[in-house]
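On a predicted model such as this, the values are computed, not experimentally measured, just so you know. Order of the sequence lines sets the chain letters (A, B, ...), proteins ahead of strands, with each chain counted from 1.
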Number of protein chains: 2
Amino acid sequence: MNKRVTIKDIAKMANASVAAVSMSLNNRPGIGDEKRRKIIEIAKKTGYQPSLVAKALVNKRSYLIGLIIKDISDHFFAELAKGVEDTAKKYGYSTILCTTDGNSKTQEDYFDILCSRGVDGIIISTVVAEDSQIAFLIDEKIPFVCINRIPLIPSLKKKAEYIIMDNYSAGYKGIEHLWKLGHDKIAIITGSLNASNARDSLKGSKAALKKSGIKIPKRYIKEGTYSYREACLICERLLKSKNPPTAVFAHDDNMALGAREAILRSGLAIPKDIALMGIDNIKTGALAGIELTTISQKKYEMGAMGVKILVNRIEERVPHMVEKIVLDAELIIRNTCGYQMHGYRR
Amino acid sequence: MNKRVTIKDIAKMANASVAAVSMSLNNRPGIGDEKRRKIIEIAKKTGYQPSLVAKALVNKRSYLIGLIIKDISDHFFAELAKGVEDTAKKYGYSTILCTTDGNSKTQEDYFDILCSRGVDGIIISTVVAEDSQIAFLIDEKIPFVCINRIPLIPSLKKKAEYIIMDNYSAGYKGIEHLWKLGHDKIAIITGSLNASNARDSLKGSKAALKKSGIKIPKRYIKEGTYSYREACLICERLLKSKNPPTAVFAHDDNMALGAREAILRSGLAIPKDIALMGIDNIKTGALAGIELTTISQKKYEMGAMGVKILVNRIEERVPHMVEKIVLDAELIIRNTCGYQMHGYRR
DNA sequence: AATATATACTGAAACGTTTCAGTATATTTA
DNA sequence: TAAATATACTGAAACGTTTCAGTATATATT
């Protein structure tokens, strides 16, 4: 670090006290116009930039927020991160990027680091979000908001703020769509079932299955880990089995794309021979030649709203009440399920 | 922020001086085994976490690095960011994410903020990287490394560390590949020509054109801004013109994808009717049904190497010399140029 | 035994801010 | 005109660390 000009230097130059400089620069009252003007001028001329670290130390406000996600190269998280960073910037906060790669230990380390760094708040959107870690945050009284997942333990859930999609309804709508298109041999690749969102989606799908009177064998439901490769493998095995499904509903677009690879490799055509559906609505899915039918997740908006809530919480501008936001699940019909070919059959 | 346990509290409990606690915890010599043990034990028991902001203030080392990029939802930058964050984490640094959206003012603001925050170093990989801002960093003596772009002014270029792909060769190889496949009506969509990488690629392409004796009209070369939409529009116009190209070489995969949309919408088949080629090798390009022929950019590796260089610089473990790394451009042949159909024709 | 040296430990200053309790001066009020 | 009040300004403490100069005690050297 360079020798930067400090408040003391300015005080000397303006022959004023450091207090006067501080007050002038933060336009607090109690300093005469003449002196204030002079101080501000000197500050400008010398290119003075206040040390945010010193400020953080005394004010106990760092204007830093931590963003904990699984993987920034995953389109879902990248869009989310964009919403977070854009909004944080708007409110005068900087964003510390923390990726865990789904590793619980890494995540725990990051919680410690973020606390040590005195972040003002945290946005959490990971698959593995141990409830114990959430409890830690509540304990340390660090504001946080969960995006796209909620604590499993009810007592924690009550205290946590979150924004989620209506995952139940997402899972439900997907099956409903496939059913209306005439499918009844539907395979499901779920997310990691240790997280609330994946569980809810599965519940929704099961409910829809029941509602439409579809019975599927147990082996049609497979737990994935949001990995492209793994979903590809799962789908491959499914297709090779004696009684293969005629539709696969992956509870995440990345996995749907993985399944897509397996389907295409096996020589089947989408949607002619088999229907494919995802959840998330990532950019790639919209590309010509892919045109994945999916359920929209408002990724950017979730990130943006998350920060808004967080900042309200931090600055306590709003009388505090715990926000719990559930966004609507919206079906995005494209080409992978056959709606364009023949419309709904029932 | 919560009332956290500080070094003072521990000193009191262990009845030692704060100095003793500090020295014990940082295993500096000068403290007896017995006392040290006791202090460490108390620290552990109380869950003491040092305040990184206080440390930063006295040590003038924040263990923070700034990452300045255009847009985290762009796959290129996301991969880069992943390399950066992973590596930073490994070295004990945290990453502040700064996206500029190509806005020079935003970028300048971020430079100021990062300085105020006392970051130890900066990784820069933006399109608009004004040389004046680079000069500012050199002036402030903040270590930085440029990724995928270099300062235009030679005197700055000399002082800056950077990692770039051999953009010239990338531009060259693309044209060469297309020429070998028999194309001579090749359109080029370049990046923003105010940045070094785009200029170099264009130079390379022009050189290859000359070498192979291809003459293309001026209107075949269009400056893009790395935007999908814009590239789509540019390509659309190109296709509608009287003498449309038989190949388009976008100097960035996103733009290639944009061009792809225009091509497909116009009813042309890739690669049967027209060849398409990009630069970057983003994940999406590898998907079945897209299979974009491209030139590989080692995005993750560039990020990782960038941090490595930066940390060496910060910690001055290595006798200082300015690193300038140029990575090889590697042609990735997939399906959009017709190599699989008929191989090289000349 | 006297001196030199090593070891264990402490108090206080420093990092760059903000804020609080005071002080001095100017202005208003009665 | 005296008292009350408002305004301008300052010194010092505080935030949570590290480090430096000392001090006290123990050990080694002659």
Side-chain angles (χ1 to χ4, degrees), chain A residues 1-40 42-43 46-64 112-113 115-120 140, chain B residues 1-40 42-43 46-64 112-113 115-120 140:
Chain A
M1 240 186 273
N2 205 1
K3 201 88 234 100
R4 309 188 58 194
V5 15
T6 75
I7 220 173
K8 270 185 208 164
D9 301 329
I10 295 182
K12 214 166 286 172
M13 293 188 231
N15 62 334
S17 65
V18 287
V21 178
S22 174
M23 293 162 93
S24 298
L25 262 21
N26 293 292
N27 39 312
R28 299 234 179 298
I31 303 294
D33 287 351
E34 171 60 13
K35 186 155 238 170
R36 182 181 301 256
R37 218 192 32 69
K38 188 173 172 191
I39 286 173
I40 291 176
I42 292 181
T46 54
Y48 168 75
Q49 289 281 128
S51 156
L52 292 182
V53 358
K55 280 196 184 213
L57 187 59
V58 3
N59 295 334
K60 297 188 163 324
R61 291 281 270 91
S62 61
Y63 288 90
L64 232 31
D112 283 344
I113 292 172
C115 291
S116 284
R117 290 206 180 278
V119 297
D120 293 334
E140 294 269 329
Chain B
M1 243 188 271
N2 205 1
K3 198 93 229 99
R4 310 189 56 195
V5 14
T6 75
I7 220 173
K8 271 186 208 164
D9 301 329
I10 295 182
K12 214 166 284 171
M13 293 186 230
N15 62 335
S17 65
V18 287
V21 177
S22 174
M23 292 162 92
S24 297
L25 263 22
N26 293 292
N27 39 311
R28 298 234 180 300
I31 302 294
D33 287 351
E34 171 60 14
K35 187 154 238 172
R36 181 181 301 254
R37 220 191 31 68
K38 189 173 175 192
I39 287 174
I40 291 175
I42 293 180
T46 54
Y48 167 74
Q49 291 279 130
S51 158
L52 291 183
V53 358
K55 280 195 184 215
L57 187 58
V58 4
N59 294 333
K60 298 190 163 325
R61 291 281 271 94
S62 61
Y63 288 89
L64 231 33
D112 283 344
I113 292 172
C115 291
S116 285
R117 292 206 179 278
V119 298
D120 294 335
E140 294 269 329

Chemist: Look at the side-chain N and O atoms of A/K60 and state whether any lies under 4.0 Å from the OP1 or OP2 oxygen of D/dA14.
Modeler: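 Result: no.
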Chemist: OP1 or OP2 of D/dT10 versus the side-chain N and O atoms of A/S17: is any pair under 4.0 Å?
Modeler: yes
Chemist: What is the distance, rounded to the nearest whole Å, between atom CZ of A/R4 and atom C1' of C/dG16?
Modeler: 11 Å
Chemist: Distance check: side-chain N/O of A/S22 vs OP1/OP2 of C/dT18, anything under 4.0 Å?
Modeler: yes
Chemist: Take atom CE of B/M23 and atom P of D/dA21, then tell me their distance rounded to the nearest Å.
Modeler: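 That distance rounds to 13 Å.
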Chemist: Starting from the 5' end of DNA chain D, give me the residue, B/L57 or B/R28, whose nearest nucleotide shows up first.
Modeler: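 This one resolves to B/L57.
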Chemist: Could you give the CG-to-P distance, from A/D9 to C/dA14, as a whole number of Å?
Modeler: 15 Å
Chemist: Could you tell me which non-hydrogen atom of B/A14 sits nearest to which non-hydrogen atom of B/I39, and how far apart they are?
Modeler: CB-CG1, 3.9 Å
Chemist: Measuring to OP1 and OP2 of D/dC15, would you say a side-chain N or O of B/K8 lies under 4.0 angstrom away?
Modeler: yes
Chemist: Any base atoms under 4.0 Å from A/P50, or only sugar-phosphate, or nothing? Heavy atoms, all strands.
Modeler: sugar-phosphate
Chemist: Could you tell me how far apart B/N59 (CG) and D/dT17 (C1') are, to the nearest whole angstrom?
Modeler: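 Whole-Å distance recorded here is 8 Å.
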Chemist: Atom CG of A/N26 to atom P of C/dC20: distance rounded to whole Å?
Modeler: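 Computing the A/N26:CG to C/dC20:P distance gives 13 Å.
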Chemist: Calculate the interatomic distance between B/R37 atom CZ and C/dC9 atom P; express it in whole Å.
Modeler: 13 Å
Chemist: Checking all strands, does B/G30 fall into the base, sugar-phosphate, or nothing category for heavy-atom contacts under 4.0 angstrom?
Modeler: base
Chemist: Nearest heavy atom decides the nucleotide; on that basis, is B/A20 or A/V18 closer to the 5' end of DNA chain C?
Modeler: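 Comparing both residues, the 5'-ward one is B/A20.
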Chemist: Rounded to whole angstrom units, what separation is found between the CG atom of B/D33 and the P atom of C/dC9?
Modeler: 9 Å
Chemist: Can you measure A/I31 atom CD1 to C/dA24 atom P for me and round it to whole angstrom units?
Modeler: 17 Å
Chemist: On a heavy-atom basis, which atom in A/V5 and which in A/Y48 lie closest, and how many Å separate them?
Modeler: O-CD1, 3.2 Å
Chemist: Answer yes or no: does a side-chain N or O of B/K55 lie under 4.0 Å from OP1 or OP2 of D/dG16?
Modeler: no
